[in-house]
Amino acid sequence: MPSGLISQRSIAALPALAVVACVAIASLAHAQPNPKASARRLIGEAMQVEANGAHNLRLRALRHLRDPSLEPLFEALAIHAEPALRVHGILGLAELESPPTLDIARVAAIDNPLLQAELVSVALDAGMIPPAARDHLLDWADLAPGIRLLLYTRALDTDTPPRPADIAPLLEQPRLGRRGLAALLLAELDDPRGRDALLALDASTDPGRDAVRSMLLETAIRHDLTSARRWAHAIAAEAPDPSEPLAMLALRAALYLGEPRALRLWNDQFASAKPRPAQQVRLALVLTAIAPRLPADAFDALLQADDPLIARLGSTGRAIATGDPAVADELTRLAELRHTIALRWIVAFAERDHLAPPDAALALLGVVRAFERDPDRRLTDRHLDTAVEASRALVDTHPQAAADLLAPVLTHRATAVELRQAILLGLLRSQHPAASAVTRRTDPPRDTVARNLDLLLRARRHDPLAPDQLADLADLVSGAGDLAPSLRIQAAWLYLRHIGRADAALDRLLP
């Protein structure tokens, strides 16, 4: 990815504990005399490109607020001469639309192909390019080949899929990754040139070959390109070491895409891995992760395993495959085993549309509360990270359930301080309006870190802050709370908005 440009992520750029640690436990002494000046300075610094990329973190944090009053700032950035700022402005404006939509006219006005590619890639990942705009982009004669391939990939399952004749010339691209993606798309369109090119990729001695094959397998899974199933199976079956990441990814792709021989290969590898329990766990996770696409008997080998984690993955997978009404209980029991990768998978699985909303919400709550059941403090950081992500996912996908399920945990006297902080950080990472409403029915926490996070959530709402809350927010802006940069700049903007000085601040900062 080009230096200075960005990928679409939330402010979750740091591990949960690293961010929470930055919210240091400091006394909110009213030491800084001019919080308005501090707030203006922080926002002004975000508009200055820094070699370490700190401006990206700050501008992503402002975009994360999805605050319409930031529109003048994004308008100014969208026409800025500096590409690293311009991309934030255009994306910030796109994210303020309802639904979020990239302005193709702004993209057309850019003469930097790398910047265009970054904008389109981010917008595609975020669902900000509707079909009509995608077709309009494809009509551009000078569209960069990388962008064209990305758009063709999204168009495969539409009423106007690309033609092989449109894609075939891209097999001559100098970059191996682009040639590989063109081959994958042609194979999906049943064009023999695609299959031949994939075989040529397998035989290549290019040092980037396996990285490209991994990218293509991930693309095939993401877009359900079933024509890749035999190719994926061949990579998995011919791998010298089945435990290598590429081989494992290829096996997952073959299973996911419905290759008939893949389950037999999985069973052979699972049996062969008996002397290596860690590899058996990895294989069990591969199978359970695609349970909605598998028959119930696919999990027989897992159910017969002596390892309690593998057996639990088997019962969870079977419950998902059969549509068992008790699937939420199975997922919660799996979470109670506190296996880091399994916890992360539960979060990702519950975010998708595989489960009924009540089941998904309960599964995510199970991940949040897994931290409380962990006697091994060496795993605290990892479990807090998953608690953060589960809290975010819960409010993003099931906002009403989030308020009902998380508020009691936040207020319960026995809830660990670290878990309360993790939940609040997860709510801050969410862009859903309901995130700040979760704390509407709770009192501010007593410990300073959680209290600061709670205050930021309350400040996101447009309800007036009490005088003491406004004073505490001013202290955060001035640095007394030692907030992480991404959270401190949010505090700065929210403070200016709450005191009615946001417009005046922008007038002073913008040309």
Side-chain angles (χ1 to χ4, degrees), residues 9-10 12 16 125-127 218 221-222 224 252 255-256 281 284-294 296 299 302 309 312-374 379 382-410 419 422-435 437-438:
R9 295 190 178 193
S10 70
D125 287 343
E218 292 281 11
I221 293 172
R222 181 176 182 180
D224 205 5
R252 177 162 66 92
L255 287 162
Y256 183 87
V281 170
L285 285 163
V286 163
L287 203 67
T288 306
I290 56 172
R293 290 175 171 251
L294 296 174
F299 300 93
L302 300 185
L309 173 60
R312 178 58 59 197
L313 285 166
S315 60
T316 302
R318 171 169 284 186
I320 295 169
T322 59
D324 190 330
V327 66
D329 294 335
E330 289 288 348
L331 288 163
T332 300
R333 293 188 191 104
L334 177 59
E336 289 171 355
L337 295 180
R338 304 179 300 276
H339 186 276
T340 302
I341 298 177
L343 289 170
R344 291 174 183 164
W345 168 74
I346 294 171
V347 174
F349 185 77
E351 276 198 276
R352 297 192 289 268
D353 294 330
H354 297 310
L355 297 171
D359 292 336
L362 290 173
L364 290 168
L365 180 66
V367 174
V368 171
R369 306 203 70 164
F371 171 80
E372 296 179 312
R373 301 181 175 91
D374 184 10
L379 299 178
R382 295 180 183 179
H383 289 170
L384 284 175
D385 284 343
T386 54
V388 170
E389 282 305 293
S391 300
R392 177 205 55 76
L394 183 50
V395 76
D396 279 351
T397 55
H398 309 289
Q400 183 55 51
D404 294 337
L405 297 176
L406 292 179
V409 182
L410 285 170
L419 182 57
I423 293 171
L424 291 168
L425 184 58
L427 296 177
L428 282 170
R429 287 187 181 175
S430 171
Q431 292 179 311
H432 199 287
V438 172

Open item on the list: side-chain contact (heavy atoms from CB on, under 4.5 Å) for Thr288 and Leu302? Distances and angles first, verdict last.
Closed with: CA-CA 10 Å; Thr288 306; Leu302 300 185; 4.1 Å; yes
TODO: Any chance you could lay out the salt bridge (Lys or Arg N to Asp or Glu O under 4.0 Å) test for Asp125 and Arg222, step after step, and finish with the verdict?
DONE: CA-CA 11 Å; Asp125 287 343; Arg222 181 176 182 180; 3.2 Å; yes
Task: Val367 vs Arg344, side-chain contact (heavy atoms from CB on, under 4.5 Å): CA-CA, chis, key distance, verdict - done: CA-CA 9 Å; Val367 174; Arg344 291 174 183 164; over 6 Å; no
TODO: Please report the C-alpha distance between Glu218 and Arg252 in whole Å, then the side-chain angles of each, then the deciding distance to 0.1 Å, and finally whether the salt bridge (Lys or Arg N to Asp or Glu O under 4.0 Å) criterion is met.
DONE: CA-CA 10 Å; Glu218 292 281 11; Arg252 177 162 66 92; 3.5 Å; yes
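A salt bridge links Arg392 with Glu351: at least one charged nitrogen is closer than 4.0 Å to a carboxylate oxygen.
Residues Gly314 and Phe299 share a closest heavy-atom pair of O-CB, 3.7 Å. In terms of heavy atoms, Ala360 sits closest to His398 at CB-NE2, 3.3 Å. The two residues Leu355 and Ala350 come nearest to each other via the heavy atoms CD1-CA, 4.2 Å. Here the closest non-hydrogen pair linking Ala422 and Ala387 is CB-CB, 4.2 Å. Taking all atoms of both residues into account, the shortest heavy-atom contact from Val395 to Ala434 is CG2-C, 3.9 Å. The two atoms that bring Val347 and Ala393 nearest to each other are CG1-CB, 4.1 Å, heavy atoms only.
The distance from the CD1 atom of Ile341 to the CG atom of Leu313 is 10.5 Å, given to the nearest 0.5 Å. Within the model, atoms OG1 of Thr340 and CZ of Arg382 stand 5.0 Å from one another, a figure rounded to the nearest 0.5 Å. Between the CZ atom of Arg352 and the OG1 atom of Thr397 there is a distance of 12.0 Å, given to the nearest 0.5 Å. Within the model, atoms CG of Leu331 and CD1 of Ile320 stand 5.0 Å from one another, a figure rounded to the nearest 0.5 Å. Note that OG of Ser391 and CG of Leu419 are 7.0 Å apart. Values are rounded to the nearest 0.5 Å. Note that CG of Leu406 is 9.5 Å distant from CG of Leu424, once rounded to the nearest 0.5 Å.
Side chain of His432 to main chain of Ala435: no donor-acceptor pair is present (N/O by atom type, distance under 3.5 Å, no hydrogens or angles). Under a 3.5 Å cut-off, the side chain of Thr386 and the backbone N or O of His383 do form a donor-acceptor pair.
Here side-chain hydrogen bond (donor to acceptor under 3.5 Å, both in side chains) pairs that include residues 314-325, with residues two or more places apart or in two chains, are Asp300-Arg318, Arg312-Ser315, Ser315-Glu330.
Few gaps surround CG on Leu337; more than 12 heavy atoms of other groups in view lie less than 6.0 Å from it.
Put simply, the side chain of Glu389 does not reach to within 4.5 Å of the side chain of Asp385, judged on heavy atoms. Side-chain contact between Leu334 and Trp345 is present, with heavy atoms from C-beta onward closer than 4.5 Å. Using a 4.5 Å heavy-atom cutoff, the side chains of Pro292 and Tyr256 are not in contact. Annotation: side chain of Leu365 is in contact with side chain of Val409 (closest heavy-atom distance under 4.5 Å).
For the side-chain contact (heavy atoms from CB on, under 4.5 Å) test, residues two or more places apart in sequence or in another chain that qualify with Thr332 are Glu336.
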